[in-house]
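What follows is one structure encoded as structure tokens, with my remarks underneath.
Computed from heavy atoms alone, side chains included, the values below leave out hydrogens, waters and symmetry copies.
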Amino acid sequence: QVQLMESGGGSVQAGGSLRLSCVVSTDTTTYITSMGWFRQAPGKEREGVAAIVEGIDEDGGTAYADSVKGRFTISRDNAKDTLYLQMDSLLPEDTAMYYCAATPAYSHDVLKFPYRGQGTQVTISS
């Protein structure tokens with residue numbers, strides 16, 4: 001069984017920063033290879049934001065949506081079983097519920113990851 005718990009959401013003005021965290025709990029039989037973040041705004045489809053895959057050297061195993069490239073940074077601290085999303089230069093269109101997701105597979109397709117958290121709200125005001 002895999003459990004994900006996000007934190008760090010909040011309300012900031014445009015141009016500000018937030019850092020999301022996701023703590024991962026797994027049983028002894030499941031190893032999480034790939035993790036990521038997706039978001040969903042009211043009335044919009046889910047959007048994969050960023051993903052990170054262990055064991056891939058190219059770009060540190062990371063991938064980003066074009067909409068956040070250069071502004072968001074995903075990272076993973078295995079010693080703390082925690083995934084991070086550093087969000088800088090935030091825009092009003094970044095407003096959404098942000099979800100952490102994980103999979104034992106090697107993949108950047110975060111929308112297909114089977115394990116998901118409950119989400120944390122991010123609101124950016126102009």
Side-chain angles (χ1 to χ4, degrees):
Q1 185 176 359
V2 178
Q3 294 183 325
L4 307 173
M5 179 64 71
E6 304 95 336
S7 63
S11 299
V12 298
Q13 290 189 326
S17 297
L18 283 172
R19 187 194 197 200
L20 305 184
S21 299
C22 173
V23 177
V24 185
S25 304
T26 64
D27 57 32
T28 57
T29 63
T30 304
Y31 186 80
I32 297 300
T33 302
S34 308
M35 297 191 70
W37 297 90
F38 67 93
R39 65 188 180 185
Q40 188 164 24
K44 295 187 177 181
E45 292 188 356
R46 290 175 179 173
E47 177 188 20
V49 173
I52 184 167
V53 180
E54 276 201 348
I56 296 180
D57 292 334
E58 185 177 358
D59 296 325
T62 61
Y64 298 91
D66 288 342
S67 58
V68 306
K69 202 170 292 184
R71 300 188 298 119
F72 290 11
T73 303
I74 189 171
S75 61
R76 177 175 178 174
D77 186 337
N78 286 340
K80 297 182 179 179
D81 294 326
T82 303
L83 178 74
Y84 301 100
L85 185 68
Q86 177 66 42
M87 306 187 295
D88 299 317
S89 303
L90 284 160
L91 304 169
E93 48 264 45
D94 293 319
T95 296
M97 185 71 81
Y98 283 72
Y99 299 86
C100 173
T103 178
Y106 288 87
S107 174
H108 284 128
D109 195 351
V110 65
L111 294 181
K112 294 183 179 178
F113 291 3
Y115 305 112
R116 298 171 175 178
Q118 295 299 308
T120 185
Q121 178 66 38
V122 171
T123 302
I124 312 302
S125 58
S126 58

Is any side-chain heavy atom of Asp77 less than 4.5 Å from a side-chain heavy atom of Tyr84?
-> yes
Cluster overlap Phe72 with Phe38, hydrophobic side-chain contacts below 4.5 Å = no
Where the side chain of Tyr64 meets the backbone of Ile74, is there a donor-acceptor pair that is under 3.5 Å apart?
-> yes
Within a strict 4.5 Å, meaning less than it, do heavy atoms of the Ile124 and Val12 side chains meet?
-> yes
Smallest separation among heavy atoms of Glu47 and Ala65, with atom names | OE2-CB, 4.0 Å
How close do Pro104 and Thr30 get, heavy atom to heavy atom, and via which atoms?
-> CG-CG2, 4.2 Å
Hey, does the side chain of Arg19 reach the backbone of Gln86 with a donor-acceptor pair shorter than 3.5 angstrom?
-> no
Non-hydrogen atoms of Ala50 and Leu85 that approach each other most closely = CB-CD1, 4.2 Å
Do Asp88 and Ser17 meet the criterion of a side-chain donor-acceptor pair at a distance under 3.5 Å?
-> yes
Any sub-3.5 Å donor-acceptor pair from Arg116's side-chain atoms to Leu4's backbone N or O?
-> no
Find out whether Tyr99 and Glu6 are in side-chain contact, i.e. whether some heavy atom of one side chain is under 4.5 Å from a heavy atom of the other.
-> yes
Indicate whether the side chain of Thr29 and that of Asp27 have a donor and an acceptor atom separated by less than 3.5 Å.
-> yes
Evaluation steps, side chain to side chain donor-acceptor pair (under 3.5 Å), between Arg39 and Tyr98 = CA-CA 4 Å; Arg39 65 188 180 185; Tyr98 283 72; 2.8 Å; yes
Flag side-chain contact, heavy atom, 4.5 Å: Val53 against His108 = yes
Nearest 0.5 Å please: distance from the OG atom of Ser11 over to the CD atom of Gln121.
-> 7.5 Å
Does any non-hydrogen side-chain atom of Thr103 lie less than 4.5 Å from one of Ile32?
-> no
Rounded to the nearest 0.5 angstrom, the CG-OG distance for Asp94 and Ser67 is 7.5 Å
Is any side-chain heavy atom of Val68 less than 4.5 Å from a side-chain heavy atom of Trp37?
-> no
Is any side-chain heavy atom of Thr95 closer than 4.5 Å to a side-chain heavy atom of Val122?
-> no
To the nearest 0.5 angstrom, please state how far the CD atom of Gln1 sits from the OG atom of Ser25.
-> 9.5 Å
One should read off an interatomic distance between Met35 CE and Ser75 OG, to the nearest 0.5 angstrom, of 10.5 Å
Shortest non-hydrogen separation from Tyr31 to Glu54 and the atoms involved | OH-OE1, 2.6 Å
Measure the spacing between CE of Met97 and OG1 of Thr123 and express it to the nearest 0.5 Å.
-> 8.5 Å
Shortest non-hydrogen pair, Gly48 vs Val110, comes out as CA-CG1, 3.5 Å
Ser34 side-chain N/O to Ala105 backbone N/O, donor-acceptor pair under 3.5 Å | yes
Begin with the C-alpha distance, continue with both residues' side-chain angles, and end with the deciding distance and a verdict on side chain to side chain contact (heavy atoms under 4.5 Å, CB included) for Leu20 and Met87.
-> CA-CA 8 Å; Leu20 305 184; Met87 306 187 295; 3.8 Å; yes
Minimum heavy-atom distance Leu83-Cys100, with the two atoms named | CD2-SG, 3.9 Å
Near Gln118 CD, under 6.0 Å, is it more than 12 heavy atoms from other residues, nucleotides or ligands?
-> no
Check the hydrophobic clustering (I, L, V, M, F, W, Y; side-chain heavy atoms under 4.5 Å; chains of links allowed) and say if Phe113 and Tyr115 are grouped together.
-> no
